[in-house]
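Have a look at the structure below before the remarks.
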Amino acid sequence: QVQLVESGGGSVQAGGSLRLSCAASGRTFSTFVMGWFRQAPGKEREFVAAINWSGSSTSYADFVKGRFTASRDNAKNTVYLQMNSLKPEDTAVYYCAASYGWSVKATMSQYDYWGQGTQVTVSS
């Protein structure tokens, strides 16, 4: 079992930055692919970013490429999502997720564990 706890959400003006953190406990963190997803009000949850176990491979949704960066610190059992140049349309609850395996994944069903989410609100 893996427990995931997100933090770092909040309110920011357009153009600003936030860094989300996701702390993991339980099973060996370094063996998991980690993903970030988000869900805006009235919309389905969507893929944002993923990072493999070593951090050597990442994947991003087109709408965040060049603005968001996923990273991880396996010694701290933590994965991060640095979000720059935020836009009002980035407003959502952001979730981290953990998946067994080696390759980055972009589909919700491929993830085995989920955090409770953290709210990000971007005002214009």
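No hydrogens, no waters, no symmetry mates; every other heavy atom, side chains included, goes into these values.
Clustering ILVMFWY residues whenever any of their side-chain heavy atoms sit less than 4.5 angstrom apart, transitively, puts Leu86 in the very cluster that holds Val64. By the criterion of side-chain heavy atoms lying less than 4.5 angstrom apart, applied directly or through intervening Ile, Leu, Val, Met, Phe, Trp or Tyr residues, Tyr100 is grouped together with Val2 in one hydrophobic cluster.
A donor-acceptor pair under 3.5 Å links the side-chain atoms of Glu6 to the main chain of Cys96, judged by distance alone. Side-chain N or O atoms of Thr78 include one that pairs as donor or acceptor with a backbone N or O of Lys76 at under 3.5 Å. In terms of modelled atom types and a separation under 3.5 Å, the side chain of Lys43 and the main chain of Arg38 share no donor-acceptor contact. With hydrogens and angles ignored, the 3.5 Å screen pairs no side-chain donor or acceptor of Asp90 with any backbone N or O of Val120.
Rounded to the nearest 0.5 Å, atoms CD1 (Ile51) and OG (Ser56) are 8.5 Å apart. In this structure, CZ in Phe68 is found 8.0 Å from CZ in Phe63, a value given to the nearest 0.5 Å. Here Ser30 contributes atom OG and Asn52 contributes atom CG; the two are 11.5 Å apart, rounded to the nearest 0.5 Å. For the atom pair Asp73 CG and Tyr80 OH, the distance stands at 5.0 Å (nearest 0.5 Å). Atom CG in Leu81 sits 11.5 Å away from atom CE in Met34 (nearest 0.5 Å). Rounding to the nearest 0.5 angstrom, the gap separating the OG atom in Ser85 from the NZ atom in Lys87 is 8.0 Å.
When side chains are defined from C-beta on, Met83 does not count as touching Arg67, because their heavy atoms never get closer than 4.5 Å. The shortest side-chain heavy-atom distance between Gln119 and Thr91 falls under the 4.5 Å cut-off. Side-chain contact between Arg72 and Phe29: present, with at least one pair of heavy atoms (C-beta onward) separated by less than 4.5 Å. For the pair Phe32/Val79, no side-chain contact is recorded, criterion being any heavy-atom separation below 4.5 Å from C-beta on.
Aromatic ring orientation, Trp102 versus Trp53: perpendicular (interplanar angle above 60°, classes split at 30° and 60°).
In terms of heavy atoms, Ala70 sits closest to Ala49 at CB-CB, 4.2 Å. Between Ser59 and Val104, the closest heavy-atom pair is CB-CG2, 3.8 Å. What you find for Ala14 and Pro88 is that their closest heavy atoms are CB-CD, 4.1 Å.
Using a 4.0 Å cut-off between charged nitrogen and carboxylate oxygen, Lys65 and Asp62 count as a salt-bridge pair.
Grouping Ile, Leu, Val, Met, Phe, Trp and Tyr residues whose side-chain heavy atoms lie under 4.5 Å apart, directly or via other members, places Val93 in a hydrophobic cluster with Val33, Phe37, Phe47, Tyr95, Met108, Tyr111, Trp114.
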